[in-house]
Amino acid sequence: MEKIALIGSGLIGTGWGIVFSESGRNPVLYDTDINALDKALMEIEKGLNDLNEYGLIDESPETILSRVSKSTNLEEVLDGATHVQESIPERAELKKDLFEKLDKIVPQEVTIASSTSTIPVSAFTEHLPGRERCIVIHPGTPPHLLRLVEIVPSPWTSSNVVMKSKELMEDCRQATSVLKKEIQGFVLNRIQYAVISEVYRLWEDEVAGIEDIEKTVREALGLRWSFMGAMETISLNAPGGVPDYNNRYGQWVNEINTSQNARQWSEESVNRLEIERLKSRPSVNNSTRRNWRDKRLMALLAHKRDRSKIEGD
Ligand SMILES: NC(=O)c1ccc[n+]([C@@H]2O[C@H](COP(=O)([O-])OP(=O)(O)OC[C@H]3O[C@@H](n4cnc5c(N)ncnc54)[C@H](O)[C@@H]3O)[C@@H](O)[C@H]2O)c1
């Protein structure tokens with residue numbers, strides 16, 4: 001039995017519960033809010049049933065679920081854990097307090113990883129005696145369906161901890177991207193923020209309505225990006241690959257890049273954008289829509305798995 005301590009059982013802690021239990025490990029969920037723990041267990045059960053429906057798990061949902069437990073006693077959760085995964089809200093001061101506590105309790109050989117999506121781990125571990133075992137393991141949302149994690153060491157994280165984190169994640173069927181150095185937002189969110197910033201700019205400048213812009217992401221860019229990287233995508237748009245693409249289109253890439261200046265989002269505009277966006281979306285609540293998203297992702301994962309067997313990656 002390999003016990004994994006999950007600290008924070010919201011959206012991401014719940015997804016980690018599925019990832020670790022599905023890989024044969026025993027995740028124990030901890031949260032300061034007892035209701036969050038009950039909700040997490042229900043969501044894990046539901047997520048496992050859905051994965052089963054799409055043929056994406058090898059054991060029965062009941063068997064996998066029997067490996068998951070919860071507790072409101074931090075010491076009990078940490079006792080005997082071989083890996084600690086923190087998923088509390090994205091606030092550096094909260095993470096700093098928690099890591100201080102964890103560093104005192106958790107034996108030195110155990111990795112303490114943060115799920116933070118933007119904050120380098122050095123921002124809240126510099127002062128810790130055990131700082132070399134602290135690292136970022138940033139999952140996608142939800143972690144059991146977007147199966148790539150970003151592993152981001154601080155300047156003082158030991159190379160052994162990087163290696164152990166990579167091995168653990170690969171054993172949990174997560175693709176890994178190991179960053180060479182820290183940067184705010186890592187790779188995934190920096191790319192995502194570049195795209196959403198441009199969506200906002202095009203909409204605010206009244207170049208197109210939000211539905212037409214979203215449609216462009218959904219029906220065109222996203223379709224290719226679901227199985228090819230951005231550079232591979234452009235390499236196929238010019239006979240001589242990326243250098244040829246640069247010869248043909250590089251001037252336009254640079255000119256357009258220069259016009260994409262940083263812009264602050266205004267509350268008023270964001271509210272207006274949301275009203276316009278919701279006019280073209282089905283009138284369901286966020287959690288129903290999240291379930292719909294997860295099922296679409298599961299169908300896509302099953303398709304990608306089956307096609308990879310036939311056509312390779
Ligand atoms: N939501 C995303 O899309 C996403 C994706 C990847 C990573 N992340 C990162 O994961 C982390 C968690 O995000 P989330 O979306 O799950 O947030 P969330 O608000 O859904 O869940 C956070 C949970 O932490 C609990 N909590 C607060 N303080 C705590 C403490 N001191 N000890 C234990 N539990 C505590 C809360 O009660 C809550 O249940 C954040 O750092 C976030 O940046 C989020």
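Numbering of ligands and ligand atoms starts at 1, following listing order. Computed over heavy atoms, backbone and side chain alike; hydrogens, waters and symmetry mates excluded.
Side chains of Ser154 and Thr157: a donor-acceptor N/O pair is present below 3.5 angstrom, by distance only. A donor-acceptor contact under 3.5 angstrom links the side chains of Ser269 and Glu204, judged on distance only. A donor-acceptor pair shorter than 3.5 Å can be found between the side chains of Asn285 and Thr288. Side-chain contact, Glu100 with His127: a donor N or O sits under 3.5 Å from an acceptor N or O. Checking Asn271 against Glu274 by side-chain atom types alone, no donor-acceptor pair falls below 3.5 Å. With no hydrogens or angles considered, a side-chain donor-acceptor pair links Ser115 and Ser87 at under 3.5 Å.
The distance from ligand 1 to the heavy atoms of His138 drops below 4.0 Å at these ligand atoms: 6 (C), 7 (C). The ligand atoms of ligand 1 that sit less than 4.0 angstrom from a heavy atom of Pro139 are 6 (C). Within ligand 1, the atoms closer than 4.0 Å to a non-hydrogen atom of Asp33 are 37 (O), numbered from 1 in the order shown. For ligand 1, the atoms lying closer than 4.0 Å to a non-hydrogen atom of Lys95 are 40 (C), 41 (O).
In this comparison of Val77, Ile137, Asp31, Leu6, the heavy atom closest to atom 37 (O) of ligand 1 sits on Asp31. Among Gly10, Pro89, Ala40, Gly8, the residue whose heavy atom lies nearest to atom 27 (C) of ligand 1 is Pro89. If you check each of Asn189, Thr116, Thr141, Leu102 against atom 3 (O) of ligand 1, the one with the closest non-hydrogen atom is Thr141.
Protein heavy atoms are found less than 4.0 angstrom from atom 41 (O) of ligand 1. Shown here, atom 17 (O) of ligand 1 is out of close reach of the protein: none of its heavy atoms lies under 4.0 Å off.
At under 3.5 Å, not a single nitrogen or oxygen of Glu86, backbone or side chain, sits near a nitrogen or oxygen of ligand 1. The shortest N or O to N or O distance between Leu11 and ligand 1 is below 3.5 Å. When only interatomic distances are considered, the shortest N/O to N/O separation between Ser117 and ligand 1 falls below 3.5 Å. Considering backbone and side-chain N/O of Tyr30, none are found under 3.5 Å from N/O of ligand 1. For Ile88, a nitrogen or oxygen atom sits less than 3.5 Å from a nitrogen or oxygen atom of ligand 1, counting backbone and side chain alike. Polar contact with ligand 1: absent for Leu98 (N/O pair, distance under 3.5 Å).
In this structure, the protein non-hydrogen atom closest to atom 22 (C) of ligand 1 is Ser87 O, 3.7 Å. Ranking the protein heavy atoms by distance from atom 32 (N) of ligand 1 puts Thr32 CG2, 3.7 Å first. Atom 9 (C) of ligand 1 has Ser115 O, 3.3 Å as its closest protein atom, hydrogens excluded (heavy atom only). Of the protein's heavy atoms, Ile12 CG1, 3.6 Å lies nearest to atom 10 (O) of ligand 1.
Following chains of ILVMFWY side-chain contacts shorter than 4.5 Å, one cannot reach Phe186 starting from Val162, and the two form parts of different hydrophobic clusters. One hydrophobic cluster, built from ILVMFWY side chains closer than 4.5 Å, holds both Met169 and Ile4. Grouping the Ile, Leu, Val, Met, Phe, Trp and Tyr side chains by contacts below 4.5 angstrom, directly or via other members, places Ile119 with Val187.
Within the model, atoms CZ of Arg296 and CG of Leu145 stand 13.5 Å from one another, a figure rounded to the nearest 0.5 Å.
With a 4.0 Å heavy-atom cut-off, ligand 1 is reached by the side chain of Ala36 but not by its N, CA, C or O.
Using a 4.5 Å cut-off on side-chain heavy atoms (C-beta onward), His144 and Ser21 make no contact.
Here the side chain of Lys3 pairs a donor or acceptor atom with the backbone of Val77 at under 3.5 angstrom.
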